[in-house]
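Following: one structure in structure tokens, then a few remarks.
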Amino acid sequence: MKIVELMGGLGNQMFQYAFGKALEQKYNEKVLYDNFWFNEVKDTTKEGVVREYGLDLFSINPNFATKEQIEPYISKNKLKRMWLKLLGCGGKYVREYKNPQYNSEYLKIKGNAYYKGYFQCPKYFENIADEIRKDFTFPPISVDDAFNQKWLKRFSECENPVFIHLRRGDYKNLAGWLLPLEYYQKAVAEIKKHVKNPTFFVFGSECDDYIKNEFDVGAPFEIIGEENARNREDWKDIVLMMHCKHAIIANSTFSWWAAWLSDTDGRTIIAPIPFTVNDEILPDNWIRIKR
């Protein structure tokens, strides 16, 4: 039995799910997911946000572990863990945080194991990429959703719509995570080298004032706004981004998935390096710009 913990925002949960699917493919057995993280009381003083389980957006049916199944790995009582291990419960505990880079050994652990981490590298699931893209099929935008239908129509009117994603809100509290304006200016210039007649659309929550007053990237752009975020339907922004032909992503798994899920031939995707602490998250065909 292998168990993968789910935690963090939607983008992180998608990576953890995809990692679990890679384990399933390799060992031909169902992987269980630990979703108890979302039931705990969170200390939000660091990030300033509360995360919710989000994989129920998709038509997938993860198998969730019970408290009894995860107890041998996470119990704070060391003697209890040792006793359960003697009884044949539990197994290897894999904690990724100290080394967030891709590690092929994680996929080679035989027997019982519990995985705690983000596993943010497409190399883990490159052999099942088509299956992952199918699993992460978002619900369609309702025809009655005037706000998002307006933008879908607007994209269709453009020869080459390009999305630009900003993440600022919670990143303001994390040293070194905010991307400088220079990154976006260089990214826009790079897009112009590769894309004919680009039209830029800016996405980002908790940063409307910044975008309106300070975000000068050397090209005109249209602001999507924060309607979806206010309605707690952030996933619709991912759907909108996926309908753009090209991308300038932030150092965020949110826009990473928007770009990766719709990555096709002829698509120009620009990403910042360093991304966070792991540049292996970026596919080889994406253009990397030093921030």
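In what follows, residues are counted from 1 in the order of the sequence shown.
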Report yes if the side chains of [X] and [Y] come closer than 4.5 Å at any heavy-atom pair, otherwise no.
| X | Y | answer |
| --- | --- | --- |
| E222 | R154 | yes |
| L10 | W257 | no |
| T66 | L32 | no |
| L282 | R288 | yes |
| L152 | I141 | yes |
| Y183 | V217 | no |
| V162 | C244 | no |
| E226 | D208 | yes |

Classify the side-chain pair [X]/[Y] by whether it contains a donor and acceptor separated by less than 3.5 Å.
| X | Y | answer |
| --- | --- | --- |
| N12 | Q120 | yes |
| D237 | N148 | no |
| N278 | Y118 | no |
| N228 | N231 | no |

Discussion item. Could you walk me through whether K134 and E131 satisfy the salt bridge (Lys or Arg N to Asp or Glu O under 4.0 Å) test, starting with their C-alpha distance in whole Å, then the side-chain angles of each, then the deciding distance to 0.1 Å, before giving a yes or no?
Written reply: CA-CA 5 Å; K134 182 178 179 181; E131 180 181 348; over 6 Å; no
For the backbone of [Y] and the side chain of [X], can you confirm whether one donor and one acceptor N or O come within less than 3.5 Å of each other?
| X | Y | answer |
| --- | --- | --- |
| E5 | W37 | no |
| Y115 | Y106 | yes |
| R267 | K245 | yes |
| K2 | G111 | yes |
| R133 | I128 | no |
| E190 | I270 | no |
| N112 | M1 | yes |
| Y27 | I109 | yes |
| D144 | A146 | no |
| W286 | I269 | no |

Please confirm whether the ring centroid of [X] lies under 6.0 Å from the ring centroid of [Y].
| X | Y | value |
| --- | --- | --- |
| F64 | Y53 | yes |
| F215 | F221 | yes |
| F275 | W256 | no |
| Y93 | Y114 | yes |

When you group the ILVMFWY residues by side-chain heavy-atom contacts below 4.5 Å and let the links chain together, are [Y] and [X] in the same group?
| X | Y | result |
| --- | --- | --- |
| I281 | I132 | yes |
| I60 | L23 | yes |
| M242 | L55 | yes |
| Y17 | F254 | yes |
| F147 | F163 | yes |

Once rounded to the nearest 0.5 Å, what's the spacing between atom [atom1] of [X] and atom [atom2] of [Y]?
| X | Y | atom1 | atom2 | answer |
| --- | --- | --- | --- | --- |
| K196 | E159 | NZ | CD | 5.5 Å |
| H165 | I224 | NE2 | CD1 | 11.5 Å |
| F125 | E24 | CZ | CD | 14.5 Å |
| I164 | H246 | CD1 | NE2 | 13.0 Å |
| L240 | W235 | CG | CH2 | 9.5 Å |
| N251 | L178 | CG | CG | 8.5 Å |

Item to complete: Evaluate the criterion side-chain contact (heavy atoms from CB on, under 4.5 Å) for residue pair F200 and I191; output intermediate values, then yes/no.
Response: CA-CA 10 Å; F200 297 98; I191 283 286; 3.8 Å; yes
Item to complete: Can you establish whether the number of heavy atoms outside R230 located under 6.0 Å from its atom CZ is more than 12?
Response: yes
Discussion item. If you count heavy atoms of other groups shown closer than 6.0 angstrom to NZ of K150, is the number above 12?
Written reply: yes
Between [X] and [Y], does any side-chain N to carboxylate O distance fall below 4.0 Å?
| X | Y | result |
| --- | --- | --- |
| E96 | K116 | no |
| K67 | E71 | no |
| K123 | E280 | yes |
| R232 | E52 | yes |

Closest heavy-atom pair and its distance - [X], [Y]:
| X | Y | result |
| --- | --- | --- |
| G204 | C207 | C-SG, 3.6 Å |
| P272 | I249 | CD-O, 3.6 Å |
| P72 | E68 | CD-O, 3.3 Å |
| F201 | C158 | CZ-SG, 3.8 Å |
| Q13 | L6 | O-CD2, 4.0 Å |
| S255 | M241 | CB-SD, 4.2 Å |

Worksheet item: Would Y102 and F119 satisfy side-chain contact (heavy atoms from CB on, under 4.5 Å), going step by step from the backbone distance to the final call?
Response: CA-CA 7 Å; Y102 171 73; F119 309 105; over 6 Å; no
Worksheet item: Parallel, tilted or perpendicular: which describes the rings of F58 and F136, with under 30° parallel and over 60° perpendicular?
Response: tilted
Worksheet item: So is R167 actually on top of W177's ring, under 6.0 Å and inside 45° of the axis?
Response: no
Worksheet item: Is R168 close enough and on-axis enough to Y210, meaning under 6.0 Å and within 45°, for cation-pi?
Response: yes
Discussion item. Would F203 and I223 count as a side-chain contact (heavy atoms from CB on, under 4.5 Å) here? Give the steps.
Written reply: CA-CA 7 Å; F203 292 77; I223 304 172; over 6 Å; no
Fill in: CA sep, side-chain torsions, deciding dist, call: Y184, L179, side-chain contact (heavy atoms from CB on, under 4.5 Å)
CA-CA 8 Å; Y184 289 103; L179 291 175; 3.4 Å; yes
